[in-house]
Amino acid sequence: MTTDSRTAQQRFASLLGQHQGIVLKLARAWCADPEERRDLIQEISTQAWRSFASFDADKARFSTWLYRVALNVAISQQRGRQLRQRHHVDAVPAQLEQLASTADTAESNARLVQLQAMVQSLPAMDRALLLLHLDDYSHSHIGEVLGISASNAATRLHRLRQQLRRQFEPTAQD
């Protein structure tokens, strides 16, 4: 191993360690099953390392770049799961299994499960938008990560909050 590749590995490991929360939150939002979540985290890490040579700190922050890589991996993995489920008629979505396993828990846990299922059922763009918002990113940074304008991010986020409010609390007013 050359000194340059060792330095790149150390730099990557340091940056990934600093921003591991991004990967963990995204994996939790995309996968209800802990085993699938671990697989996704590993795949994100692997793909980020493979793509690290293309990372340019002058063009984007590492956190922005990592979010893009992580989202692309998560979306690809979700498509693969959906394709496999179409070919297996008896496959039960992880969300339903999770809801069934927590049926006897306290109401707060049931509501949490309901919220998690709602988030996991969102289209990829909406889920990414919500995760970035929950991480307190600005509309401009969300737009940068998702490839949309800041005003489009703000509008989409407003509509998404209204939609979630209606689903989560059917009696809630916009």
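Basis for what follows: all heavy atoms, side chains included, without hydrogens, waters or symmetry-related copies.
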**Q** Does the side chain of S151 come under 3.5 Å of the side chain of H139 through a donor N or O and an acceptor N or O?
**A** no

**Q** To the closest 0.5 Å, what do you measure between CG (L160) and NE2 (H158)?
**A** 11.0 Å

**Q** If you apply the rule ring-ring contact (aromatic ring centres under 6.0 Å, His included), what do you find for Y67 with Y137, and how did you get there?
**A** CA-CA 12 Å; Y67 249 117; Y137 283 101; 5.7 Å; yes

**Q** Please state whether the rings of F62 and H19 are parallel, tilted or perpendicular, taking 30° and 60° as the class boundaries.
**A** tilted

**Q** If every non-hydrogen atom of A153 is compared with every non-hydrogen atom of G143, which pair is closest and at what distance?
**A** CB-N, 4.2 Å

**Q** So how far is it from S45 OG to Q20 CD, rounded to the nearest 0.5 Å?
**A** 9.5 Å

**Q** Could you check whether the rings of W65 and F55 sit parallel, tilted or perpendicular, using 30° and 60° as the cut-offs?
**A** tilted

**Q** How long is the span from the CD atom in E43 to the CD atom in E36, to the nearest 0.5 Å?
**A** 13.5 Å

**Q** Between S54 and S51, is there a donor-acceptor pair closer than 3.5 Å when you use the side chain of the first and the backbone of the second?
**A** yes

**Q** Can you name the nearest heavy-atom pair linking I44 to V69, along with the distance?
**A** O-CG1, 4.3 Å

**Q** Keeping the roles fixed (side chain from N72, backbone from R68), state whether a donor-acceptor pair exists under 3.5 Å.
**A** yes

**Q** Is the closest side-chain heavy-atom distance between L130 and L164 below 4.5 Å?
**A** yes

**Q** For a 4.5 angstrom cut-off between non-hydrogen side-chain atoms, does M125 reach I148?
**A** yes

**Q** Answer yes or no: is there a donor N or O on one side and an acceptor on the other, between the side chain of T64 and the main chain of A60, under 3.5 Å?
**A** no

**Q** Report the C-alpha distance between L16 and F52 in whole Å, list the side-chain angles of each, state the deciding distance to 0.1 Å, and finish with yes or no for side-chain contact (heavy atoms from CB on, under 4.5 Å).
**A** CA-CA 11 Å; L16 187 61; F52 187 62; over 6 Å; no

**Q** A side-chain contact here means heavy atoms from C-beta on lying under 4.5 Å apart; do L122 and L129 qualify?
**A** no

**Q** If you look at every heavy atom in A128 and L71, which pair is closest and at what distance?
**A** CB-CD2, 3.4 Å

**Q** Does the pair L132 and H141 meet the rule for a side-chain contact (heavy atoms from CB on, under 4.5 Å), with working shown?
**A** CA-CA 9 Å; L132 289 164; H141 191 216; 5.8 Å; no

**Q** With a 4.5 Å limit on heavy-atom distance, are the side chains of T46 and V73 in contact?
**A** no

**Q** Roughly how far apart are L40 CG and L26 CG, rounded to 0.5 Å?
**A** 6.5 Å

**Q** Out of the candidates Q18, R11, Q10, only one should pair with S14 under the side-chain hydrogen bond (donor to acceptor under 3.5 Å, both in side chains) rule; please name it.
**A** Q18

**Q** Rounded to the nearest 0.5 Å, how far apart are CZ of R159 and CG of D126?
**A** 11.0 Å

**Q** Measure from the side-chain N and O atoms of R37 to the backbone N and O of A32, and report whether any donor-acceptor pair falls under 3.5 Å.
**A** yes

**Q** How long is the straight-line distance from CZ of R127 back to CD1 of I75, given to the nearest 0.5 Å?
**A** 8.5 Å

